[in-house]
Amino acid sequence: MNYGKNKIELKKNGYSILSDLYSDHEISQILTCIEDADKDGNSFTKTKELFAIRQLIKNVPELINLLFNEKLTELLSDLSQSDVFLTKAIYFDKPSESNWLEHWNRRANA
């Protein structure tokens, strides 16, 4: 794929929106992996209105191969000349009226 447009948008706006980075089948596999994860521990939050996993990759390492598919790997390679790495990953499944500020800290929490 050609990510030239995304590269320009990223430089200009600080972000770029991608479509079709994951197929419907890949999304289904990702969701199944999350649903099947062992939900013990304080990195998991589950209430009536919210399900969240902090330190997502640490708690669900099976996601690495699903998330870093060929398209994402190609995109990262096209957008950056240097090595890139994941610094933080959090999974949220919440309604829009349940919102809060997420602080970034200096430690890498994937």
Side-chain angles (χ1 to χ4, degrees):
M1 293 188 72
N2 184 348
Y3 296 107
K5 177 182 170 238
N6 301 99
K7 199 171 194 175
I8 293 167
E9 289 175 346
L10 186 62
K11 188 172 184 175
K12 180 181 176 187
N13 303 323
Y15 68 93
S16 180
I17 298 173
L18 299 165
S19 59
D20 301 326
L21 188 61
Y22 299 102
S23 69
D24 289 342
H25 178 69
E26 288 171 317
I27 291 169
S28 178
Q29 287 180 303
I30 291 167
L31 291 174
T32 297
C33 189
I34 290 169
E35 290 167 3
D36 292 347
D38 181 12
K39 295 173 181 64
D40 292 334
N42 58 5
S43 293
F44 292 82
T45 302
K46 186 167 183 165
T47 67
K48 185 175 123 182
E49 297 180 348
L50 166 72
F51 175 60
I53 307 172
R54 295 183 185 279
Q55 299 180 330
L56 180 63
I57 300 302
K58 177 181 175 185
N59 287 293
V60 191
E62 301 83 10
L63 285 173
I64 291 173
N65 292 331
L66 296 172
L67 294 174
F68 286 90
N69 66 3
E70 185 178 334
K71 287 183 181 179
L72 180 60
T73 304
E74 181 183 337
L75 170 67
L76 295 173
S77 177
D78 283 358
L79 293 179
S80 178
Q81 298 301 318
S82 60
D83 290 337
V84 295
F85 56 92
L86 183 65
T87 59
K88 188 171 190 172
I90 302 173
Y91 175 81
F92 294 110
D93 184 3
K94 65 178 186 63
S96 60
E97 57 275 351
S98 176
N99 209 353
W100 63 89
L101 179 64
E102 179 60 36
H103 296 280
W104 289 84
N105 62 25
R106 292 176 187 235
R107 288 186 320 151
N109 289 334

Colleague: Side-chain heavy atoms nearer than 4.5 Å, only ILVMFWY residues, links allowed to pass through others: does that put Phe68 and Ile53 together?
Modeller: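 Yes, one cluster joins them.
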
Colleague: What residues form a side-chain hydrogen bond (donor to acceptor under 3.5 Å, both in side chains) with Ser23, not counting sequence neighbours?
Modeller: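 Expected list: Glu26.
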
Colleague: CD1 of Ile30 to CG of Asn69: how many Å apart, nearest 0.5 Å?
Modeller: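 The CD1 atom of Ile30 sits 7.5 Å away from the CG atom of Asn69.
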
Colleague: What residues form a side-chain contact (heavy atoms from CB on, under 4.5 Å) with Leu18, not counting sequence neighbours?
Modeller: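 Scan of Leu18 (side-chain contact (heavy atoms from CB on, under 4.5 Å), adjacent residues dropped) gives Tyr3, Asn6, Leu21, Leu75.
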
Colleague: If every non-hydrogen atom of Asn59 is compared with every non-hydrogen atom of Pro61, which pair is closest and at what distance?
Modeller: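 For Asn59 versus Pro61, the nearest heavy atoms are C-CD, 3.5 Å.
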
Colleague: When you measure from the side chain of Ser28 to the backbone N and O of Asp24, does any donor-acceptor pair fall under 3.5 Å?
Modeller: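 No; judged by distance alone, with no hydrogens or angles, the pair does not exist.
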
Colleague: For residues 59-83, which residue pairs qualify under salt bridge (Lys or Arg N to Asp or Glu O under 4.0 Å), counting only residues two or more places apart or in two chains?
Modeller: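 As it turns out, there is no salt bridge (Lys or Arg N to Asp or Glu O under 4.0 Å) pair with a partner in residues 59-83 once direct neighbours are skipped.
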
Colleague: Are any of the side-chain heavy atoms of Tyr91 and Leu63 separated by less than 4.5 Å?
Modeller: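 No, every pair of side-chain atoms sits at 4.5 Å or beyond.
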
Colleague: Look up atom CG in Leu31 and atom CG in Asp36, then write down how far apart they are to the nearest 0.5 Å.
Modeller: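 These two atoms lie 10.5 Å from each other.
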
Colleague: For Leu67 versus Leu72, what's the shortest heavy-atom pair and its separation?
Modeller: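 Looks like O-CD2, 3.2 Å.
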
Colleague: With clusters built from Ile, Leu, Val, Met, Phe, Trp and Tyr whose side-chain heavy atoms come within less than 4.5 Å, directly or transitively, what are the remaining members of the cluster of Ile17, listed by chain and number?
Modeller: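 Grouped by the 4.5 Å side-chain rule, Tyr15 form the rest of the cluster around Ile17.
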
Colleague: Suppose we screen for side-chain hydrogen bond (donor to acceptor under 3.5 Å, both in side chains). Which residues come up paired with Ser77, at least two apart in sequence or across chains?
Modeller: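 In terms of side-chain hydrogen bond (donor to acceptor under 3.5 Å, both in side chains), with neighbours along the sequence ignored, Ser77 is linked to no residue.
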
Colleague: Taking all non-hydrogen atoms of both residues into account, name the closest pair between Ser16 and Leu10 and its distance.
Modeller: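 Between these two residues, the closest heavy atoms are CB-N, 4.2 Å.
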
Colleague: Run the salt bridge (charged side-chain N to carboxylate O under 4.0 Å, His left out) test against Lys11 and tell me which residues pass, sequence neighbours left out.
Modeller: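 If we apply the salt bridge (charged side-chain N to carboxylate O under 4.0 Å, His left out) test to Lys11, skipping adjacent residues, there are no hits.
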
Colleague: Under 4.5 Å between any side-chain heavy atoms of Leu56 and Phe92, yes or no?
Modeller: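 Leu56 does not reach Phe92 side chain to side chain.
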
Colleague: Grab the two heavy atoms, one from Phe44 and one from Asp38, that are nearest each other, plus how far apart they are.
Modeller: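 That closest heavy-atom pairing would be CZ-O, 3.2 Å.
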
